[in-house]
Structure formats: C-alpha cells, structure tokens
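Below is one structure, written out as structure tokens, with a few remarks after it.
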Protein chains: 2
Amino acid sequence: MVTIKDISKECGVSPATVSKALNGYAEISPETVELVKRTASKLNYMPNAAARLLKTNRSNNIGVLFVDDTMSGLTHEFFSLILNSVKEEAETNGYDITFISNNIGRQKMSFLQHCKYRNCDGVVIASVDFQNPEVLELVRSDVPVVTIDYSFDNLSSIVSDNQEGAYRLASYLAEQGHRKIAFIHGERTLVTQKRIRGFNRAMKENGIETPDEYMVEARYHDADSVRKATAALLDLDEPPTAIMFPDDFSFIGGQTEIFERGLSIPDDISVCGYDGINLSRILNPQLTTWYQNADMIGKESVRKLVESIEGTSVAEQIMVSGEFLSGNSVKRWNSK
Amino acid sequence: MVTIKDISKECGVSPATVSKALNGYAEISPETVELVKRTASKLNYMPNAAARLLKTNRSNNIGVLFVDDTMSGLTHEFFSLILNSVKEEAETNGYDITFISNNIGRQKMSFLQHCKYRNCDGVVIASVDFQNPEVLELVRSDVPVVTIDYSFDNLSSIVSDNQEGAYRLASYLAEQGHRKIAFIHGERTLVTQKRIRGFNRAMKENGIETPDEYMVEARYHDADSVRKATAALLDLDEPPTAIMFPDDFSFIGGQTEIFERGLSIPDDISVCGYDGINLSRILNPQLTTWYQNADMIGKESVRKLVESIEGTSVAEQIMVSGEFLSGNSVKRWNSK
DNA sequence: TTAATTTACTAAAACGTTTTCGTCAATACG
DNA sequence: CGTATTGACGAAAACGTTTTAGTAAATTAA
C-alpha cells in the first residue's frame with residue numbers, strides 16, 4: 001500500500017506538505033502541488049479512508065435506513081428507484097452509502113449505534129415505522145437526518161405530494177362521469193392520510209357522497225390483500241364503477257379478481273393506480289396512475305442531507321410534485 | 001464519544017487489557033472480562049470501526065458490484081432479491097455492504113480503487129459485463145471475489161442452473177404437445193448461452209426441429225424489445241404455438257402484443273417466463289415459469305466470500321438449483 | 001537599514017484501536 | 001530451596017492521516 005510517506009520521500013518534502021498539497025491548501029506553492037500530485041498518481045496513491053476518518057471524523061458515508069415490516073423495502077420498485085437515485089446522487093457528491101440495520105453480527109445494535117459504529121455523516125430515512133423508538137432515537141440524535149415522506153418538526157424532509165396525487169386521480173374519475181368511486185387505500189400511515197384527504201376533497205368538490213364501504217383498507221404492495229379488498233367492493237349491492245388502488249403493483253391483485261368475475265377494464269369498471277412505476281406503463285390495459293418522482297425525491301434528500309452535513313442549513317420541508325399519467329384503464333361513465 | 005481509555009480508567013486496568021477482554025483473548029481473567037464488559041455496556045461503548053480498521057486492515061465491509069448497462073440493476077426484481085439476500089447474510093456475519101462504483105466524487109476511480117479506498121474485505125460481483133477491463137482488474141487483484149452467474153477459473157462463483165431451467169421449461173412445452181416452440185432469449189451472455197443449450201437439448205430429445213426464426217434475441221427486462229420480438233414471431237407464416245420469454249417482467253411486453261392481436265393466453269398461444277419473481281405469481285394468467293432461488297444465490301455468495309476472507313477456502317463453483325413453477329399460461333396442444 | 005510581514009514549508013501530536021514484548025507474581029517442578 | 005513455568009496484566013509502538021504551532025527565508029514596510 002502506498003502512503004503519503006512514500007510520496008513525501010519521493011518528492012523530498014514532508015508528509016504534512018503532501019497532505020496539504022493533495023487537499024488544496026493555499027499555503028503550498030503551485031510547483032510543489034504539481035510535483036506532489038504527479039507523483040501521487042504515478043505511484044497510484046489512494047488515500048486511506050480509515051486514517052482520514054479517524055482524524056477528521058468524516059466518513060464520507062451516508063446511512064440509508066430503508067426497512068419495512070414486510071421487508072419488501074428493496075423489492076418495492078418505487079423504493080428501489082429512490083434507493084438508486086440516493087445512491088447515485090450520493091456518489092456524485094463523493095459519498096458512499098451504507099445500509100443501516102439493527103442486527104449487525106450476531107448481536108443486537110440500535111440504528112443509532114450502527115450509525116455511530118460506521119461513523120455515518122448523515123442518514124436518509126424512508127419507508128420505516130416512524131413511531132419506532134429506535135427510529136426516534138436516531139432522529140433525535142446529533143446525526144444529521146433527512147426523512148422521506150414523513151416530517152419531523154426540526155428536520156428536513158422530502159415529501160411526495162400525496163394529497164395532490166390522490167386529488168387529481170379522484171377528480172379525473174369524477175370528471176369522467178363516475179359517481180360511485182371507491183378507494184382502496186393502504187395502511188393508515190401519514191402518506192395514506194394525505195391521500196385520503198385528497199380523495200375526499202375531490203369528492204366534495206364534485207358533490208359526491210362516498211359511503212363508508214367504498215373506503216377500504218388493504219396493504220401496500222400486497223396483491224393478495226388488495227384482491228380481497230376488490231372482491232369485497234364487487235360484492236356490494238351497489239358496486240363502484242371506478243376503483244382507486246393503493247399502488248400500481250398491488251393493483252394486479254385487483255385486476256385478477258376483476259378478470260375472474262368476467263368483468264373488463266375499463267368497460268365494466270374503471271381503475272387507477274399510484275406510483276407510475278415502469279410496470280404501470282407496460283400493463284394492459286395501460287394504467288391511469290399518478291407518477292411519483294422517485295428520482296427527484298432521492299436526489300433532493302441527498303442534496304439536503306449533504307447541505308446539512310457540510311454547511312449549516314435550516315430545516316426545510318421540500319415537496320416533490322408528481323404527474324398525472326393517463327392510460328386506458330378509465331372509461332367515461334354515462335350515468336343512467 | 002466513549003473510548004477504550006474511558007473504560008480502562010473506570011476499571012483501573014490498561015487499555016490493552018480492555019481491548020483484549022472485549023475481543024475474547026484467553027489471557028485475561030474471567031473476573032476482569034466480566035468487569036470490562038459490564039462497564040463497557042454501562043458506558044454505552046461502541047468500538048470505533050475506523051481505528052480498528054486502521055490497525056487490523058479489516059473493514060468488515062463487503063463491496064457489491066451490481067451494475068448494469070441499462071442501470072436497471074436495482075429495479076430488476078431478481079437482482080434486488082439477490083441484493084437483499086446478500087445484505088442480510090452479510091449483516092448476520094457482521095459485515096456491512098458498500099456499493100462499488102467507478103465515479104465517486106467528481107473524479108473517476110476504478111472499481112478496484114474504490115474497493116481499496118473503502119478497504120472492502122471482499123466483493124460480490126453480479127450483473128455486470130464481465131469483459132469490462134475494470135471488472136477484470138478487480139477480479140485479478142488480491143481482493144477476494146465471488147461472482148454470480150459467471151465463472152472465472154480460479155475464483156468461487158455461484159451460478160443458477162440456467163441450462164436446467166430452460167431445459168425443463170422447453171421439455172414441459174414439448175410434453176404438452178407443442179411442436180412449434182419459439183425462444184425469445186436475452187443478449188448473448190454466458191447465462192443466455194446456457195439457456196439456449198438447455199432449450200436445444202430439450203428440442204433434440206423430443207425430436208423437434210427449431211427453425212432459426214424461432215430463436216430471436218431481445219433484451220432482458222426490456223418489455224418493449226420483447227414486444228417487438230413477439231410481434232416478429234406472430235408475423236411469421238408459421239407462427240409458434242408456444243413462446244419462451246427471457247424473463248417474467250419483459251414477458252408483459254409480449255403479452256401486450258398478443259392481446260392486441262386478439263389472441264388469448266393460453267388458448268391461442270402458450271407462454272412461459274423465467275425467474276419466478278413475485279410478479280409472475282399474481283399475473284393473469286398466472287405464468288408458468290422457472291423459479292431462480294435468488295435468496296439462496298445471495299446467501300451462498302456471501303457465505304463463500306466470508307469463507308475466503310476469514311479462512312483459506314478453495315475456489316469452488318456452486319450451482320444453485322431452481323424450481324419449476326406451474327401456472328396456467330400453457331395449454332395442451334393437440335397437433336392437427 | 002531594521003523591523004514587520006508573508007510565504008512555504010516541517011515537526012510532532014493526535015485520532016482509537018490492536019498487538020508485540022515485557023514484567024512480575026504465583027505456582028509447579030526437580 | 002532454587003529454578004522453570006504459567007497466568008494476568010501493562011507499556012508502547014504502530015496503523016495513515018490531518019492539523020496546530022512553529023520556523024526559516026524571502027519579501028515588504030518604515
């Protein structure tokens with residue numbers, strides 16, 4: 001392993017000078033800087049991250065806390081898109097990412113402990129139970145944190161505009177003449193509450209009364225649970241003419257139920273999804289859905305995190321807007 | 001930050017003793033070990049990974065090289081499953097994982113350099129272009145490597161039994177009476193070659209001649225390219241009665257083409273996928289496909305990697321077997 | 001000319017561990 | 001009883017950086 005000392009010998013200067021030259025200190029003469037940099041790359045020098053960290057307490061590493069009760073965190077396309085974007089933005093900023101878990105090795109260790117152990121400079125948190133004591137411990141600690149789709153008072157957060165998304169989809173269905181609109185929503189998280197609010201606003205604006213049976217809870221990303229919810233809706237005396245699904249993926253569960261009853265989309269029933277993932281574009285019928293800008297969400301969270309790691313930045317709630325994606329899963333409904 | 005010194009003061013022993021007590025050296029008396037461990041947890045001590053690494057040259061960190069030309073590495077369900085499994089197995093072994101890339105910060109850095117910089121103890125490589133000079137540099141270096149679905153002479157590798165998978169699917173189609181069987185395969189990687197071999201073997205055993213037009217190349221995980229390939233097949237004078245698709249996801253592209261021509265699966269045409277991901281189970285019709293044990297593949301690669309990091313292990317090619325998943329996308333074909 | 005300032009560099013300590021040699025009792029052996 | 005051996009611990013160096021405080025020479029100011 002070639003170290004700073006090797007360079008210093010080769011150049012006939014002290015290690016201190018090499019370090020400064022490499023790190024762009026102004027007090028080193030241009031010629032020396034040149035010389036040092038040249039020999040550094042000649043010797044194929046790589047700084048030792050551990051040694052640097054030990055001195056500076058900066059790991060250039062950001063933690064990613066992306067867990068899920070169902071452990072589908074990584075296979076959930078929406079979250080993998082965020083993860084991917086976080087990773088790339090982190091990398092262009094010179095950071096690597098580390099997954100934060102709480103059972104490293106055989107022994108139990110809290111999220112915060114894991115962060116400390118790996119000296120993460122900051123953490124991006126998404127898709128977790130934000131009431132979890134360990135999450136709270138981390139959030140309240142001194143490590144910089146940015147949360148996704150959940151806001152704490154004194155912290156920066158990046159949120160997708162869930163209220164708007166649900167509002168727009170519901171409004172669209174209403175505009176198309178639907179009056180019996182059901183909403184299969186996910187577990188009652190903050191995200192879900194926002195969407196329900198958006199849905200309700202659209203209904204109100206269109207003078208539509210939504211019976212309680214039209215609001216049914218299922219689990220995000222769980223095709224089976226959504227299929228059951230769909231079945232319940234179709235079994236009603238007055239089944240809906242349109243259904244909003246919790247997300248694009250789990251919609252497929254609903255689709256199965258609909259098909260198996262010999263119904264067709266959108267002729268007999270109109271549907272829309274949520275997320276706007278790749279899958280929704282290739283499905284047939286193509287899904288009318290709401291695109292969440294996962295890429296932007298990831299990018300912004302890293303940007304904000306880096307800001308609060310490197311400088312002093314004020315806590316800020318950033319809203320990332322989505323986009324209505326039309327497909328052919330909704331048909332105009334002519335009330336009889 | 002509480003260090004070993006704090007513990008040593010509290011206990012009235014030297015730092016050396018604390019270190020040894022914590023690391024289970026035999027030369028420390030049981031009582032001292034007890035005392036040290038108790039005060040360590042009382043003070044909420046966390047070892048400093050950087051300091052330890054600096055001394056021991058062991059980071060407890062394994063690199064993951066999972067890139068894709070199409071950058072869909074993380075959103076590809078099959079690979080996210082592997083990634084997830086790698087992550088979990090690594091964690092239970094006390095390792096964290098780091099994504100290896102070649103453009104950390106603003107400056108270009110080779111995969112190997114990145115590994116060195118982060119002191120990865122070993123690397124798992126999958127889903128990359130194994131001819132890439134940078135990959136080769138890493139593979140030939142002194143850092144322990146395990147490859148997935150590709151084998152180098154002197155290295156351990158974990159491979160899914162691609163030949164068997166394609167063989168079984170093709171045989172099944174033949175058993176069901178199909179004689180005009182097409183195979184839309186992926187780009188000509190090693191994996192693809194194996195599958196083609198399996199396919200061909202099945203055809204041969206069943207005395208089926210496969211015209212060249214029935215073997216068409218598309219891109220993995222690319223619904224659009226697969227749709228086009230499907231169209232080409234359906235345009236033939238003698239279109240196939242059964243099609244094997246490159247993977248479950250991209251099959252949806254083919255499905256779209258089939259549906260839009262007013263054909264039905266499996267009545268008019270039989271299909272099967274590959275991978276056996278979640279999606280294939282909830283699709284309608286449910287897909288007949290080959291399940292690749294992503295979980296096992298991830299686990300085994302970490303196991304093997306840790307083995308070669310911690311002890312001396314011989315290079316070994318490990319084959320992970322899959323499983324035939326029947327669905328209802330294949331129908332018995334009565335030759336006229 | 002002398003004093004003050006600037007420039008370009010260096011010595012050395014420090015970061016928190018691990019690990020190699022010691023050391024010094026206590027015990028075992030001949 | 002004297003000598004090995006063992007058991008339990010400590011001193012100190014080392015890992016590769018960064019950074020503070022300094023120094024000597026060169027330049028500028030008075």
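A note on names: the letters A, B, ... follow the listed sequences, proteins ahead of strands, and every chain is numbered from 1. The figures that follow rest on heavy atoms only: side chains count, while hydrogens, waters and symmetry mates do not.
- Phosphate contact (OP1/OP2 of D/dG10, side-chain N/O of B/T17, threshold under 4.0 Å): present.
- Screening B/E137, B/E134, B/K116 for a side-chain hydrogen bond (donor to acceptor under 3.5 Å, both in side chains) with B/S110, the sole residue that qualifies is B/E137.
- Ring planes of B/F79 and B/F66: perpendicular class, angle over 60° (limits at 30 and 60°).
- Contact annotation: B/T56 side-chain N/O to C/dT18 OP1/OP2 distance is not under 4.0 Å.
- The shortest side-chain heavy-atom distance between A/I148 and A/V124 falls under the 4.5 Å cut-off.
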Anything under 3.5 Å between a protein N or O and an N or O of nucleotides 14-16 of chain D, put it in a table, one pair a line.
| residue | atom | partner | partner atom | Å |
| --- | --- | --- | --- | --- |
| D/dA14 | N3 | B/K55 | NZ | 3.0 |
| D/dG16 | N2 | A/A51 | O | 3.4 |

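- Around the CE atom of A/M109, the shell of radius 6.0 Å holds more than 12 heavy atoms that belong to other residues, nucleotides or ligands.
- Contact check of residues 19-32 of chain A against DNA chain D (heavy atom, cut-off under 4.0 Å) returns A/S19, A/K20, A/N23, A/Y25.
- Each of B/V306, B/V302, B/I97 was compared with B/E89 under the side chain to side chain contact (heavy atoms under 4.5 Å, CB included) criterion, and only B/V302 meets it.
- Note on ring orientation: taking the six-membered ring where Trp is involved, the planes of B/F99 and A/F99 are perpendicular (angle over 60°, cut-offs 30° and 60°).
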Show every donor-acceptor pair shorter than 3.5 Å between a side-chain atom in residues 44-52 of chain B and any protein atom, with sequence neighbours excluded, or say none if there are none.
| residue | atom | partner | partner atom | Å |
| --- | --- | --- | --- | --- |
| B/N44 | OD1 | A/Q113 | NE2 | 3.1 |
| B/N48 | OD1 | B/A50 | N | 2.8 |
| B/N48 | OD1 | B/A51 | N | 3.0 |

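- A donor and an acceptor atom, one from each side chain of A/S160 and A/Q292, are located under 3.5 Å apart.
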